[in-house]
Amino acid sequence: MINITLPDNSIKSFDESPSGMDVALSISEGFARSCVAMDINGTLFDLKKKIDSDASLRFITPKDDEALEILRHSAAHVMAEAVQNLYGGALLTIGPVVEEGFYYDIDMPPVSEEDFPAIEAEMNKIVKEKKSFERIVVSKEKALEMFRNNPYKKELIQELGDEEISLYRQGGFVDLCRGPHLPHTGMIKGLKLMKISGAYWRADQSREQLQRLYGTAFFDKKELKQYLYLMEEAKKRDHRKVGTRLGLFSFHQEAPGMPFFHPRGMDIWNVLLEYWREEHRAAGYVETKTPVMLNRRLWEQSGHWENYRENMYTSVVDDEEYAIKPMNCPGGMLLYRTGSYSYRDLPLRAGEIGLVHRHELSGALSGLFRVRAFHQDDAHIFMTQDQIEDEILGVLKLVERIYSRFGLGFHLELSTRPEKSIGTDAQWDQATGGLRRALDKYGRDYIINEGDGAFYGPKIDIHIKDALGRTWQCGTVQLDMALPERFDLSYKGADNEKHRPIMIHRVIYGSIERFFGILVEHFAGRFPLWLAPVQVVILPINDELAGHARKVGEKLMEKKIRCEVDSRSESLKKKIRDAQTDYIPLILTIGEKERETGTLSVRTLDGKVRMGVAMDDFTAPVMSHIKNRVLEGTPFD
RNA sequence: GCCGGCGUAACUCAGUUGGUAGAGUAGCUGAUUCGUAAUCAGCAAGUCAGCGGUUCGACUCCGCUCGUCGGCUCCA
């Protein structure tokens with residue numbers, strides 16, 4: 001007699017070992033049809049597995065988080081079979097599930113997206129056949145024998161322990177796999193190949209070049225449609241497209257990976273920094289600036305010459321070797337060392353909008369998201385041991401303040417000591433403990449990435465979430481146990497002894513260029529009033545009214561409202577259309593009536609018009625809306 | 001850097017099997033003077049990314065270089 005306990009604590013009893021499917025069928029046939037896999041005592045299994053002792057069981061249905069992963073894993077097998085059916089000599093390697101779908105690395109001649117329809121058709125054929133996934137367990141020797149023609153699989157099998165090896169079979173297709181899998185291929189409803197790229201076996205450039213085929217899959221065609229819609233929306237918002245169309249920035253062959261900012265882009269840039277300075281002053285930061293080019297000796301002392309040299313630009317001046325800074329910290333060290341500090345001066349919060357250059361791989365460049373020259377909104381905080389917690393907490397609060405101003409959510413990740421690292425266990429414990437206590441005090445959940453810290457200290461990464469739900473790592477708070485040592489920094493304690501300060505590096509925007517790009521996509525180019533490069537456009541109805549329009553413009557400029565007059569001899573309709581497609585939040589049309597009465601006609605982006613607004617009734621609310629950095633709309637919506 | 005795709009006017013893109021190039025938008029000129037999302041006409045604009053090769057002839061085929069896109073990798 002086998003007793004199965006279900007999540008609602010009901011117990012089903014069976015005379016003989018039932019399979020998961022048997023248990024599901026005992027609930028209802030419809031339910032059984034929807035089940036994907038099962039969780040027995042905390043481990044996932046196929047529904048076909050026989051349960052031979054009492055157990056508590058939870059069925060995995062498409063509603064559960066684990067289900068999608070299983071589905072996609074099965075979909076990867078379907079893709080692998082399809083490719084093997086179509087391309088004779090294709091050798092399968094690995095095919096994991098990734099965040100948005102799955103991929104399979106296959107040793108085969110290059111294919112292109114033109115081949116996708118044929119592969120998809122073959123996949124759909126396999127899906128239609130509702131092939132059952134069967135788990136087969138064999139010995140290591142047998143597995144090696146079965147995959148004797150596939151060196152990749154053999155390599156994988158060799159690395160597995162001596163225990164038995166599980167394989168999965170669907171029809172005539174067998175693949176090495178831990179599982180679990182769907183009951184059958186028919187459950188994969190929304191299936192699509194996404195892209196193709198090269199990848200190396202074991203991510204090693206010296207090894208075989210493989211074809212990586214990406215796909216995604218859902219339980220429901222609708223979900224696939226929704227996903228494709230989001231992808232398309234993201235494509236439409238692509239900051240490279242939107243930024244070019246709005247005239248914010250450009251890139252040129254003469255300086256790959258180094259953006260040029262145009263006047264309208266600089267408006268946004270300056271507003272971002274203005275806001276940043278305001279918040280940092282209020283949070284007790286001072287601002288500093290260090291040179292872009294520094295002597296090689298400094299980089300040797302900081303350790304960058306040893307650890308980061310391949311990313312640094314260098315130059316020889318008067319027979320001396322210089323490096324263009326890839327980070328601001330060494331310069332910051334010199335600044336600190338210029339003064340002499342007592343414990344009363346700490347914490348010292350020194351901000352710096354530093355322009356750094358990093359020679360990134362040419363293939364890694366991507367719009368403003370990955371560049372070779374960028375500005376960091378850096379700050380170095382020097383403090384005593386017992387200030388760690390409060391200082392970290394202060395940074396986290398500042399981060400929250402600033403991100404929420406843009407309507408960006410975020411989550412936190414703590415990275416701990418990596419294998420290759422400097423410092424003592426005690427130092428690491430103390431540093432990591434300080435970060436942990438600050439996070440706990442802060443009160444939000446955080447993820448822990450064991451061993452993912454920098455070699456010189458643990459860190460907290462802050463990942464923002466944009467309007468499309470995509471996440472980006474922007475902010476980071478890193479404790480540095482190396483530089484104060486290398487530069488022999490000190491402060492005088494209350495005990496009149498020299499002490500080594502603790503130092504953190506932190507950024508909030510991260511790379512201002514990248515943050516800019518993220519904002520373009522987050523707002524889809526429709527910046528809130530306070531950020532909009534042109535806040536108001538003034539449209540005279542005819543040429544004769546251009547003079548009055550300019551006068552109105554001057555009045556707004558006096559109030560520091562960014563505005564332009566469009567006095568082209570175009571129709572009003574045309575000028576409105578152009579203003580709308582430039583996402584200018586407020587449009588003032590100037591006709592005879594406005595000139596006579598000295599009022600304004602205000603049109604917002606949603607097409608609503610308010611006539612007869614007095615000048616002051618326009619400027620006052622607009623100015624306060626801007627000053628308060630209101631995220632949504634305008635005072636005239 | 002590696003693999004693959006792409007590179008035609010300022011921008012977005014056409015260009016059949018090789019016979020030296022077009023459209024829309026923007027720009028300029030002129031007409032129109034307009035009340036809430038595109039007025040009309042004309043003009044000008046390209047070493048077809050660059051270099052080399054094949055060919056009687058190359059935007060088209062081949063090679064290299066540069067840039068760019070998607071991945072690998074790396075990270076802010």
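From a predicted model like this one, the values you see are computed outputs, not experimental measurements. A note on names: the letters A, B, ... follow the listed sequences, proteins ahead of strands, and every chain is numbered from 1.
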Inset, instruction - Check the distance between B/C66's C1' and A/H252's NE2 and give it to me in whole angstrom. - result: 16 Å
Inset, instruction - Answer yes when A/R417 and A/E450 have at least one side-chain N-carboxylate O distance shorter than 4.0 Å, and no when they do not. - result: no
Legend entry - Whole-Å gap separating P (B/U68) and CG (A/D238): 14 Å
Inset, instruction - Would you verify whether the NZ or CZ of A/R72 falls within 45 degrees of the ring axis of A/F102 while also being under 6.0 Å from that six-membered ring's centre? - result: no
Legend entry - Protein proximity profile, nucleotides 34-40 of chain B - base contact B, sugar-phosphate-only contact S, no contact -, cut-off 4.0 Å on heavy atoms: BBBBBB-
Inset, instruction - May I ask you to decide if the ring planes of A/Y275 and A/F406 are parallel, tilted or perpendicular, using 30° and 60° as cut-offs? - result: perpendicular
Legend entry - All stems with RNA chain B, defined as three or more consecutive Watson-Crick or G-U pairs under 3.5 Å: B:1-7 with B:66-72, B:10-13 with B:22-25, B:27-31 with B:39-43, B:49-53 with B:61-65
Inset, instruction - Return yes when atom CD of A/E69 has more than 12 non-hydrogen atoms of other residues, nucleotides or ligands closer than 6.0 Å, and no otherwise. - result: no
Inset, instruction - Quick one: do A/E155 and A/R202 satisfy salt bridge (Lys or Arg N to Asp or Glu O under 4.0 Å)? Show the steps, please. - result: CA-CA 11 Å; A/E155 191 175 323; A/R202 302 262 140 135; 3.5 Å; yes
Inset, instruction - For B/C74 and B/G50, measure between their C1' atoms and round to the nearest Å. - result: 30 Å
Inset, instruction - Take atom NZ of A/K459 and atom P of B/C75, then tell me their distance rounded to the nearest Å. - result: 8 Å
Legend entry - With sequence neighbours excluded, residues passing side chain to side chain donor-acceptor pair (under 3.5 Å) with A/E400: A/Y442
Legend entry - A/K195 side-chain N/O to B/G70 phosphate OP1/OP2 under 4.0 Å: no
Legend entry - Gap in Å between the two P atoms, one belonging to B/A10 and one to B/A26, rounded: 16 Å
Legend entry - Separation of the C1' atoms in B/A14 and B/G22, to the nearest angstrom: 7 Å
Inset, instruction - Name the nucleic acid region contacted by A/V371, choosing base, sugar-phosphate or nothing; use a 4.0 angstrom heavy-atom cut-off, strictly under. - result: base
Inset, instruction - Give A/L539 one of three labels, base, sugar-phosphate or nothing, depending on what nucleic acid heavy atoms sit under 4.0 Å from its own. - result: nothing
Legend entry - Distance, P atom - from B/C3 to B/G63, rounded to whole angstrom: 13 Å
Inset, instruction - For the residue pair A/W276 and A/H280, categorise the inter-ring angle as parallel (less than 30°), tilted (30 to 60°) or perpendicular (more than 60°). - result: parallel
Inset, instruction - Indicate, with a heavy-atom threshold strictly under 4.0 Å, whether A/Y214 touches base, sugar-phosphate, or nothing. - result: sugar-phosphate
Inset, instruction - Would you please classify the geometry between the A/W472 ring and the A/F369 ring as parallel, tilted or perpendicular, with 30° and 60° separating the classes? - result: tilted
Inset, instruction - Look only at the side chain of A/Q535 and the backbone of A/R562, and say whether a donor-acceptor pair between them is shorter than 3.5 Å. - result: yes
Inset, instruction - Check if the side chain of A/E360 and the base of B/A76 share a donor-acceptor pair of N or O atoms closer than 3.5 Å. - result: yes
Legend entry - Residue list, side-chain contact (heavy atoms from CB on, under 4.5 Å) with A/R309, at least two apart or on another chain: A/W305
Inset, instruction - Let me have a per-nucleotide readout for nucleotides 5-14 of chain B, 5' to 3', with B, S or -, counting only protein heavy atoms under 4.0 Å. - result: ----------
Inset, instruction - Measure from CD1 on A/I106 to C1' on B/C72 and round the result to the nearest Å. - result: 16 Å
Legend entry - Spacing between A/H359 atom NE2 and B/C74 atom P, to the nearest angstrom: 16 Å
Legend entry - A/R370 (side chain) and B/C75 (base): donor-acceptor pair under 3.5 Å: yes
Legend entry - Rounded distance in Å between the P positions of B/C61 and B/U8: 15 Å
Inset, instruction - Please determine if A/D238 and A/K236 form a salt bridge, counting it only when a charged side-chain N lies under 4.0 Å from a carboxylate O. - result: no
Inset, instruction - Just call it for A/G354: base, sugar-phosphate, or nothing, with non-hydrogen atoms closer than 4.0 Å on any strand. - result: nothing
Legend entry - B/C51 versus B/C59 - spacing of their P atoms, nearest Å: 12 Å
Inset, instruction - Determine the sole option in A/R526, A/R470, A/R237 for which the salt bridge (charged side-chain N to carboxylate O under 4.0 Å, His left out) test with A/E521 is passed. - result: A/R470
Legend entry - Nearest-angstrom distance, P atom, B/G18 to B/C11: 29 Å
Inset, instruction - Mind checking A/R245 for me? I need base, sugar-phosphate or nothing, with any heavy atom below 4.0 Å counting as a touch. - result: nothing
Legend entry - Residue list, salt bridge (charged side-chain N to carboxylate O under 4.0 Å, His left out) with A/E594, at least two apart or on another chain: none
